[in-house]
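Before any comments, here is the structure.
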Amino acid sequence: MQSNRPLGLPRMIAGVIGVVVVVGAAAGFAVAWRPAIAAIELPAPSSFDPALVKRGRELAAIGNCNDCHTVKGGGSFAGGLPVQTPFGTIYSSNITPDVQTGIGRWPEEAFRRAMRSGVNRDGQHLYPTFPYDHFTNVSDEDDAALYAFLMTRPPVDAPPRANRLSFPLDQRFVIAGWKLLFLRRGLYQPDSTRSAEWNRGAYLGEGLAHCGACHTPRNGLGAERSNAQFAGGDVDNWQAFALNKQSPAPVPWDAEALYVYLRQGFHPDHGTARGPMAEVVSNLSSVNESDVRAIAIYMADVFGAPSIDDRKRGEAVLAQARSPAPLTLDSNVNAAGASIYAAACATCHETGRALPYGGVNLALSTALSSPDPRNAINIVLSGIRPVEGERSPIMPGFAASMNDGQIATLLQFLRDRFSNQPPWSGVEKMVADARQSQPVLLQTSSGSHDAPRESMRREKR
Ligand code: HEC
Ligand code: HEC
Ligand code: HEC
């Protein structure tokens with residue numbers, strides 16, 4: 001500071017800033033601080049009621065705990081999955097009852113606190129990649145069932161992996177600020193004007209099933225945008241389509257279609273669930289049917305009743321899909337795309353062939369009507385793998401047989417023929433990016449439904 005300048009003002013400002021920093025840090029520390037909860041001896045598996053454990057198994061499936069907490073080649077629920085975020089990589093924790101590396105010494109109270117406010121047993125804040133911003137609504141009874149289920153799994157010795165985050169985000173107390181802004185804690189408050197089924201669906205869909213974690217867009221700090229609920233989000237280079245009025249689905253969804261899709265992963269008017277959604281429906285196929293129905297009823301309400309126009313458009317698309325107009329090759333403006341389609345795709349998609357090889361008429365495809373071409377690109381590159389031991393849809397991948405330009409040409413033809421939307425831009429580059437970013441997606445999810453599946457979903461993207 002120059003000696004001839006009056007010193008009062010800058011010093012005062014510095015002083016004020018100093019006070020603000022100290023008060024802020026103290027306040028931050030006060031909200032950040034959480035006590036440790038004393039460790040317990042590992043409870044014997046036999047101390048848990050088998051009915052509670054069974055219920056916990058279903059709740060864990062609804063919560064997709066296996067998808068994030070199990071990696072290929074690792075033990076079930078042993079963690080270690082790298083979850084990519086715009087801020088760095090966060091590894092999921094070992095939630096088996098191993099006493100050294102898992103949650104074996106956690107009392108139920110500590111588990112409930114983790115689910116409800118994202119704090120570990122030691123009192124440290126957890127990153128919201130663990131979707132506790134949804135799990136916060138889970139009831140005491142359901143947390144008790146989840147705890148009973150996890151504490152009766154085989155313990156796996158799997159030490160935590162170090163996150164890759166830069167300063168200051170690598171400091172867990174910073175998460176306290178995020179929570180202050182974005183974590184709205186509270187148990188589910190039933191809406192007495194709605195049916196019990198609707199309330200059940202809202203409790204699960206907003207809570208444990210965390211549908212919005214993928215289907216709601218996020219702000220710059222990684223929190224779901226509360227004014228754009230279910231408006232469509234991003235996950236692992238897939239677009240999780242809008243599930244509200246902005247839905248790009250050519251045929252409007254209703255509760256019955258949602259139920260079938262969520263339960264079986266396929267609906268004849270809507271096609272198949274792929275990518276991260278395949279894992280969700282695979283889990284939902286193993287749970288209580290009435291819970292899936294409740295979620296469908298609630299989500300149908302989130303979509304809202306279709307307008308008369310939307311309904312008419314949907315009917316027209318269904319009619320067109322049942323008796324498609326003949327494919328004209330020569331006169332088509334995109335003759336190159338049309339002939340690839342005729343040669344490689346039409347036999348399965350336009351002949352009314354039955355499953356597993358019969359694809360839906362592509363006029364029904366949300367992927368082709370979506371403003372974002374990534375899902376359509378992923379499907380053409382990687383195809384659809386059969387689910388082991390089931391009669392499920394099969395489509396070959398074309399990553400090896402077509403180059404980026406051919407796939408882009410084909411997709412523009414499909415967009416033009418099967419949607420009434422404007423052409424996509426930059427498709428060829430996006431095909432190249434998709435090849436780069438997710439070679440593993442060439443293996444979509446498969447697996448048995450009662451055992452947690454090995455997930456590679458977030459390993460590469
Ligand atoms: C979208 C991915 C994702 C899902 C789904 C998920 N988790 Fe996690 N979970 C994580 C990540 C990542 C962490 C580590 C967070 C951290 O280190 O701050 C974590 C941490 C935890 C912890 C804290 C463990 C510890 O040692 O600190 C518990 C308990 C937990 N999860 C339980 C569950 C349960 C139960 C479910 C299912 C109802 C579930 N998680 C679903 C990603 C997920
Ligand atoms: C892990 C991320 C993730 C979660 C969690 C998730 N979804 Fe999805 N969902 C997706 C993705 C990605 C797609 C697009 C899949 C595709 O292209 O086949 C999708 C597609 C859908 C579709 C098809 C929409 C259409 O118009 O074709 C519906 C319906 C749906 N999800 C409902 C749900 C519901 C209900 C839940 C909660 C029970 C849920 N999703 C949870 C990622 C997710
Ligand atoms: C061996 C039969 C077969 C061939 C060949 C085939 N598909 Fe498929 N395709 C399927 C099946 C089965 C499905 C899953 C059911 C469904 O969603 O249509 C599917 C799904 C799709 C979807 C997703 C539709 C939706 O649900 O949104 C698209 C897009 C698609 N295929 C495009 C193509 C393109 C482009 C080609 C040619 C390059 C092609 N398919 C070749 C069988 C096939």
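If you're wondering where the values come from, they're calculated on a predicted model, not measured in any experiment. In each ligand, atom 1 is the first atom listed, and ligand 1 is the first ligand listed.
At a 4.0 Å cut-off, not a single heavy atom of Asp67 sits close enough to ligand 1 to count as contact. Within the structure, ligand 1 lacks Gln124 among the residues with a heavy atom less than 4.0 angstrom away. By the 4.0 Å heavy-atom criterion, His210 is counted among the residues contacting ligand 1. Not a single heavy atom of Glu279 sits less than 4.0 Å from an atom of ligand 2. Heavy atoms of Pro131 approach ligand 1 to within less than 4.0 angstrom. For Phe135, the heavy-atom gap to ligand 1 drops under 4.0 angstrom.
Of all atoms in ligand 2, listed by their number and element, those nearer than 4.0 Å to a heavy atom of Leu258 are 29 (C). In the vicinity of Leu126, heavy-atom distances shorter than 4.0 Å reach the ligand 1 atoms 16 (C), 18 (O), 23 (C), 27 (O). Of all atoms in ligand 1, listed by their number and element, those nearer than 4.0 Å to a heavy atom of Gly63 are 5 (C), 37 (C). Per-residue contacts place Leu414 under 4.0 angstrom from the following atoms of ligand 3 (heavy atoms of the residue considered): 35 (C). Of all the atoms in ligand 1, the ones that sit under 4.0 Å from a non-hydrogen atom of Arg172 are 16 (C), 17 (O), 18 (O). Distances below 4.0 Å separate heavy atoms of Asn120 from the following atoms of ligand 1: 27 (O). For ligand 3 and Met402, the ligand atoms under 4.0 Å from any heavy atom of the residue are 38 (C). Every atom of ligand 3 is numbered from 1 in the order shown, and the set under 4.0 Å from a heavy atom of Gly358 is 12 (C). Ligand-side atoms of ligand 3 in range of Phe266: 15 (C), range being under 4.0 angstrom from any heavy atom. Close contacts between ligand 3 and Pro393 involve ligand atoms 12 (C), 14 (C) [criterion: under 4.0 Å to a heavy atom]. The atoms of ligand 3 that sit less than 4.0 Å from any heavy atom of Pro396 are 1 (C), 3 (C), 4 (C). The distance from ligand 1 to the heavy atoms of Asn64 drops below 4.0 Å at these ligand atoms: 5 (C). Ligand 3 places these atoms under 4.0 Å from at least one heavy atom of Leu410: 35 (C), 38 (C).
Rounding to the nearest 0.5 Å gives a distance of 9.5 Å between CH2 of Trp424 and CE of Met430.
At under 3.5 Å, not a single nitrogen or oxygen of Trp106, backbone or side chain, sits near a nitrogen or oxygen of ligand 1. Residue-to-ligand polar distances place Trp253 within reach of ligand 2: an N/O pair is separated by less than 3.5 Å. An N or O contact shorter than 3.5 Å links Thr366 to ligand 2 by distance.
Closest protein heavy atom to atom 5 (C) of ligand 3: Ala344 O, 3.3 Å. Looking only at protein heavy atoms, the nearest one to atom 27 (O) of ligand 3 is Ser365 OG, 2.6 Å. Among protein heavy atoms, the minimum distance from atom 18 (O) of ligand 3 is reached at Val360 N, 2.7 Å. When only non-hydrogen protein atoms are considered, atom 12 (C) of ligand 3 lies nearest to Pro356 O, 3.1 Å.
For Phe135 and His210, the distance between ring centers is under 6.0 angstrom. Checked against a 6.0 Å centroid threshold, the rings of Phe303 and Tyr298 do not count as neighbours. Residues Tyr147 and Trp106 place their aromatic rings such that the two centres sit no closer than 6.0 Å.
Between Met115 and Asn137, the closest side-chain pair of non-hydrogen atoms is not below 4.5 Å. Counting only heavy atoms from C-beta outward, the side chains of Phe241 and Asn375 approach each other to under 4.5 Å. The closest side-chain heavy-atom distance from Val281 to Gln264 is not below 4.5 Å. Between Gln412 and Val427, the closest side-chain pair of non-hydrogen atoms falls below 4.5 Å. Considering only heavy atoms from C-beta on, Tyr127 stays 4.5 Å or farther from Phe87 through its side chain. Inter-residue side-chain proximity for Asn120 and Ile103 is flagged as unmet; no heavy-atom pair is nearer than 4.5 Å.
Contact annotation for Ile340 and ligand 3: no heavy atom of the residue comes within less than 4.0 Å of the ligand. Of all the heavy atoms of Thr272, the ones lying under 4.0 Å from any atom of ligand 2 belong exclusively to the backbone. No part of Tyr341 comes within 4.0 Å of ligand 3, judged by heavy-atom distances. Residue-level proximity to ligand 2 for Leu204 is absent, since no heavy atom of it falls below 4.0 angstrom. By the criterion of a heavy-atom distance under 4.0 Å, neither the backbone nor the side chain of Asn375 is placed next to ligand 3.
Checking side-chain atoms of Asn64 against main-chain N and O of Asp67 turns up no donor-acceptor pair under 3.5 Å. Side-chain N or O atoms of Tyr203 include one that pairs as donor or acceptor with a backbone N or O of Ser139 at under 3.5 Å. In this structure, the side chain of Thr136 does not engage the main chain of Tyr132 through any donor-acceptor pair within 3.5 Å. Side chain of Arg415 to backbone of Leu368: a donor-acceptor contact under 3.5 angstrom is found. The backbone N or O of Leu81 lies less than 3.5 Å from a partner atom in the side chain of Ser92, making a donor-acceptor pair.
Draw a line from atom 8 (Fe) of ligand 2 to SD of Met277 and another to NE2 of His215, and the angle between them is 180° (to 10°).
A salt bridge is defined here as a Lys NZ or Arg NE, NH1 or NH2 lying under 4.0 Å from an Asp or Glu carboxylate O, and Glu41 with Arg105 meets this definition.
The option from Gly233, Gly271, Cys214 that lies nearest to atom 2 (C) of ligand 2, judged by heavy atoms, is Cys214. Here atom 35 (C) of ligand 1 lies nearest to Cys65 when heavy atoms of Cys68, Cys65, Ala114 are compared. Residue nearest to atom 25 (C) of ligand 3, selected from His270, His267, Arg274: Arg274 (by heavy-atom distance).
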Could you walk me through whether Ser290 and Asn288 pass side chain to side chain donor-acceptor pair (under 3.5 Å), step by step? CA-CA 5 Å; Ser290 64; Asn288 202 324; 3.2 Å; yes

Worked verdict on Thr96 versus Asn94 for side chain to side chain donor-acceptor pair (under 3.5 Å): CA-CA 6 Å; Thr96 72; Asn94 179 351; 2.8 Å; yes

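Side-chain atoms of Asp416 and Asn334 form no donor-acceptor pair, as typed in the model, at a separation below 3.5 Å. In the model, His215 has no side-chain atom that pairs as donor or acceptor with a side-chain atom of Glu224 under 3.5 Å.
Applying the salt bridge (Lys or Arg N to Asp or Glu O under 4.0 Å) criterion to Arg200, with sequence neighbours excluded, gives Asp291.
Using a cut-off of 2.8 Å, one finds that His69 contributes an N/O/S atom close to atom 8 (Fe) of ligand 1.
Looking at every heavy atom in both residues, Val138 comes nearest to Leu187 through O-CD2, 3.4 Å.
Note on ring orientation: taking the six-membered ring where Trp is involved, the planes of His69 and Phe130 are perpendicular (angle over 60°, cut-offs 30° and 60°).
Distances under 2.8 Å from atom 8 (Fe) of ligand 3 pick out the protein N/O/S atoms His349 NE2, Met395 SD.
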